Amino acid sequence: MTIDYENAWEEYAKKWQEYYPELTYIGDEWIGKAAGAANSLADYEKLIEKKFIAPYIKQKDTVLEIGIGGGRTAALLLKYCQKLICADISKFMLNATKNRLGEDQIKYVKVDGITLNEIESEVADVCFCYDTMVHLEPRDIFNYLTKIPSKLKGKKLCIFHHTNTLSNLGWQRFLKDWDENLMGERNGTAHSVMTDKIMEKFLSHLNYQIIHKDINSVPRDCVWICQAPENN
């Protein structure tokens with residue numbers, strides 16, 4: 001069975017305006033409430049900026065963001081970095097972000113979700129992946145982790161956010177939709193079954209240096225600050 005992430009998000013995007021006619025940008029419906037992080041979009045953006053962007057992104061940095069959605073976190077990142085590379089498997093999401101943010105300081109890259117070959121080697125100082133790995137199966141996350149180091153240079157800093165199924169809110173999410181993803185079939189927009197312990201094993205096995213693990217700011221999930229290993 002194949003999880004078709006690309007078409008799942010293209011279909012989501014097509015129906016988005018119908019579901020959220022009051023919103024201007026796709027992705028602004030994710031306000032962090034279900035994750036226990038915030039009760040409004042403004043508060044969630046402040047949390048992401050304060051906890052995961054401002055302390056780590058510097059003005060001279062080039063940032064690679066994988067999974068840009070509608071450009072919400074991209075807009076925050078642009079306040080801090082010199083250049084932003086927006087990568088996504090969905091053409092619609094790339095176009096939505098381009099319409100929102102334009103092309104000044106930004107490069108847009110359509111990726112295949114497996115190789116990351118479309119992204120240049122040693123092109124970014126930071127890899128930022130927020131609200132994306134929550135939808136990726138563990139093997140897909142591991143695969144991305146094997147590809148990311150070759151795309152980084154300099155401080156090779158990474159910010160990774162994924163769901164934590166064994167947290168209280170993570171378990172509630174699992175119970176909500178487990179029966180809609182059976183027999184090896186799974187919608188690409190569904191949340192994956194992932195834990196902080198699995199991610200720690202992935203990072204350690206691949207020689208990432210773990211700087212900080214945060215399971216409190218977004219109680220349903222887990223966010224890692226780490227340094228990618230040197231390229232082999």
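Here the structure is a predicted model, which is why all the values come from computation and not from measurement. Sequence positions, counted from 1, serve as the residue numbers for this chain.
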Applying side chain to side chain contact (heavy atoms under 4.5 Å, CB included), run through D221 and H162 and close with a yes or a no. CA-CA 6 Å; D221 304 331; H162 62 85; over 6 Å; no
Might you work through the side-chain hydrogen bond (donor to acceptor under 3.5 Å, both in side chains) test for Y130 and E65, ending with a clear yes or no? CA-CA 8 Å; Y130 195 95; E65 181 174 11; over 6 Å; no
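The main-chain N or O of F92 is found under 3.5 Å from a side-chain atom of E10 such that the two form a donor-acceptor pair. Looking at Q209, its side chain never comes within 3.5 Å of a backbone N or O of P229 through a donor-acceptor pair. Although no hydrogens or angles enter the test, the distance criterion places no donor-acceptor pair under 3.5 Å between the side chain of T97 and the main chain of L94.
A salt bridge does not link D125 to K58: none of the charged side-chain nitrogens sits closer than 4.0 Å to a carboxylate oxygen. A salt bridge between K14 and E11 is present, with a side-chain N of the basic residue lying under 4.0 Å from a carboxylate O of the acidic one. Using a cut-off of 4.0 Å between Lys/Arg side-chain N and Asp/Glu carboxylate O, E137 and R186 are scored as salt-bridged.
In the model, D88 has no side-chain atom that pairs as donor or acceptor with a side-chain atom of S90 under 3.5 Å. No side-chain N or O of E122 forms a donor-acceptor pair with one of S150 less than 3.5 Å apart. In this model, no donor atom of one side chain and acceptor atom of the other lie less than 3.5 Å apart for N99 and Y25.
Sorted by first and then second residue, the salt bridge (charged side-chain N to carboxylate O under 4.0 Å, His left out) pairs with a member in residues 89-114 read E6-K110, D28-R100, K107-E120; sequence neighbours excluded.
Nearest heavy atoms, E49 versus L76: OE1-CD2, 3.7 Å. Annotation for I26 and A96: closest pair CG2-CB, 3.9 Å, computed over non-hydrogen atoms.
A ring-centre distance under 6.0 Å is not found for W224 and H161. Note: Y19 and W16 fail the aromatic proximity criterion, with ring centroids not under 6.0 Å apart.
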Do any side-chain atoms of residues 31-43 form donor-acceptor pairs under 3.5 angstrom with protein atoms, and if so which ones, sequence neighbours left out?
| from | atom 1 | to | atom 2 | distance (Å) |
| --- | --- | --- | --- | --- |
| S40 | OG | D43 | N | 3.1 |
| S40 | OG | D43 | OD2 | 3.3 |

